[in-house]
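Read the structure below first, then the notes.
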Amino acid sequence: MSRPRGVVPVRPDLAEVEVRLNTNESPLPPPEEWRAELQAEIATLPFNRYPDRKATALRNALGQAHDVGADEVFCANGSNEVLQCLLLAYGGAGRNVALFEPTYALHRHIAELTATEVVAGWRTADFRLDLDVVDDVVDRHQPVITFLCSPNNPTGMSEQPEVVRHVLDRSPGLVVVDEAYGQFAPRSALQLRADEVPGADRLVVVRTFSKTWSMAACRLGYLVASPEVVAACELAALPYHLDAITQAAGRLALHHDKEMQARVAMLVEERGRLQAALAELPVESWPSDANFILFRPTSRDGAALWRDLVEQSVLIRDCTAWPGLEGCLRVTVGTAAENERFLTALEQSLGDGR
Ligand code: PMP
């Protein structure tokens, strides 16, 4: 039997713990009214029929929400599948995509799965994009896609519009801005599309329902891009890839925009509280426009600290072995009670000095 391609498997942290702050989900369930509306809709679904292949109602609703046409929206099973469709459509053997490390590991992983070469540059020591590095990578390799991640997972900062514009000017191909955490940030590349900046037809903004919309279980993501990019992704997706329940779930969620915004506001406030608390501890931490914070203990080994937290039933993300993130840990912003559990465990572990 032939071996699968030699890519490093992506393993979620599976430990059984009371406080899970490791995968950047929403700590809150979706609104009860949404659940009731979805149940009512499921009761009437024609389950013997394939779902709407074009997800027309959902795309119309998303188009309205973003003030774009339904033909500028493509939906898939989580933004990971959106990224996969983009790479199937535009990547492949003999082509390359650019990204800037450290960044979301799945950009590289999915590119490699689709036999697309990855050309990478490094961020600055404080995890900002180095535009000289961007220019060098893009000029030398002429990538079919340049990936940005704003806010960047796992480092947390979002990109200024001037930076995205610069990358767009310089890149020959698509510029894909992964905004999985976009609602937590003060800026979005969607504004550049709305402003019709030069090259806006090559700008792709990817979003998800997994974080702010409290719907990680549903697996729904989408992109906003030119109709040509949407058509290319439709060709790459399998027929009927997006089931009818997920389509309904996303469409109905958009009725609850106010609740979503309230959740974002609560998490942004909690993020500020966590940042202030971290500033008082022997850790280095980085600014965040997302629902997570990257930090590095300065008095203890990061991996040992991570294990101590697990022992106290608090699971965060161990990034210590990720290239460029030596000694770093990432904590998702949770409810006030969860954050308190995390801070108490952290203070104890840092004081322990084991
Ligand atoms: N992009 C980024 C930057 C992410 O952090 C994640 C989730 N970890 C995703 C995309 C994928 O999210 P989903 O497939 O749940 O939409």
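Keep in mind that the numbers below use all heavy atoms, side chains included, and drop hydrogens, waters and symmetry copies. Being a predicted model, the structure only gives us computed values, none of them experimental. The residues of the chain are indexed from 1 along the displayed sequence. When a ligand or atom number is given, it counts from 1 through the structure's own listing order.
Not one N or O on the side chain of Asn80 forms a donor-acceptor pair closer than 3.5 Å with the backbone of Leu106. Not one N or O on the side chain of Ser171 forms a donor-acceptor pair closer than 3.5 Å with the backbone of Leu168.
A perpendicular orientation is assigned to the rings of Tyr104 and His107, their planes being inclined by more than 60° (bins at 30° and 60°).
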| task | Could you walk me through whether Met215 and Trp34 pass side-chain contact (heavy atoms from CB on, under 4.5 Å), step by step? | result | CA-CA 11 Å; Met215 281 171 50; Trp34 171 84; 3.9 Å; yes
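Nearest residue to atom 14 (O) of ligand 1 from Gln84, Arg219, His107 is Arg219 (criterion: closest heavy atom).
The distance criterion of under 3.5 Å between nitrogen or oxygen atoms is met by Ser79 with respect to ligand 1. Considering backbone and side-chain atoms together, Thr208 places an N or O closer than 3.5 Å to an N or O of ligand 1.
Which parts of ligand 1 touch Ser210 is read off a 4.0 Å heavy-atom cut-off, strictly below it: atoms 13 (P), 15 (O), 16 (O). Atoms of ligand 1 found under 4.0 Å from any heavy atom of Ala180 (numbered from 1 in listed order, with element): 1 (N), 2 (C), 3 (C), 4 (C), 10 (C). Which parts of ligand 1 touch Asn153 is read off a 4.0 Å heavy-atom cut-off, strictly below it: atoms 3 (C), 4 (C), 5 (O). Against a heavy-atom cut-off of under 4.0 Å, Cys149 is close to the following atoms of ligand 1: 3 (C).
For the pair Gly78 and ligand 1, a heavy-atom separation below 4.0 Å is found.
Among protein heavy atoms, atom 7 (C) of ligand 1 sits closest to Lys211 NZ, 3.1 Å. For atom 1 (N) of ligand 1, the closest heavy atom belonging to the protein is Asp178 OD2, 2.6 Å. Nearest protein heavy-atom contact of atom 9 (C) of ligand 1 is Tyr104 OH, 3.2 Å.
Looking at Phe209 against ligand 1, nothing comes within 4.0 Å, counting heavy atoms.
Separation of the His256 and Phe209 ring centroids does not fall under the 6.0 Å cut-off.
Residues Met157 and Trp122 do not share a hydrophobic cluster, clusters being chains of Ile/Leu/Val/Met/Phe/Trp/Tyr side chains in contact below 4.5 Å.
Counting heavy atoms of neighbouring residues, nucleotides and ligands inside a 6.0 Å radius, atom OH of Tyr50 does not exceed 12 of them.
Between Glu81 and Arg219, none of the side-chain N atoms (NZ, or NE/NH1/NH2) sits under 4.0 Å from a carboxylate O, so this pair counts as no salt bridge.
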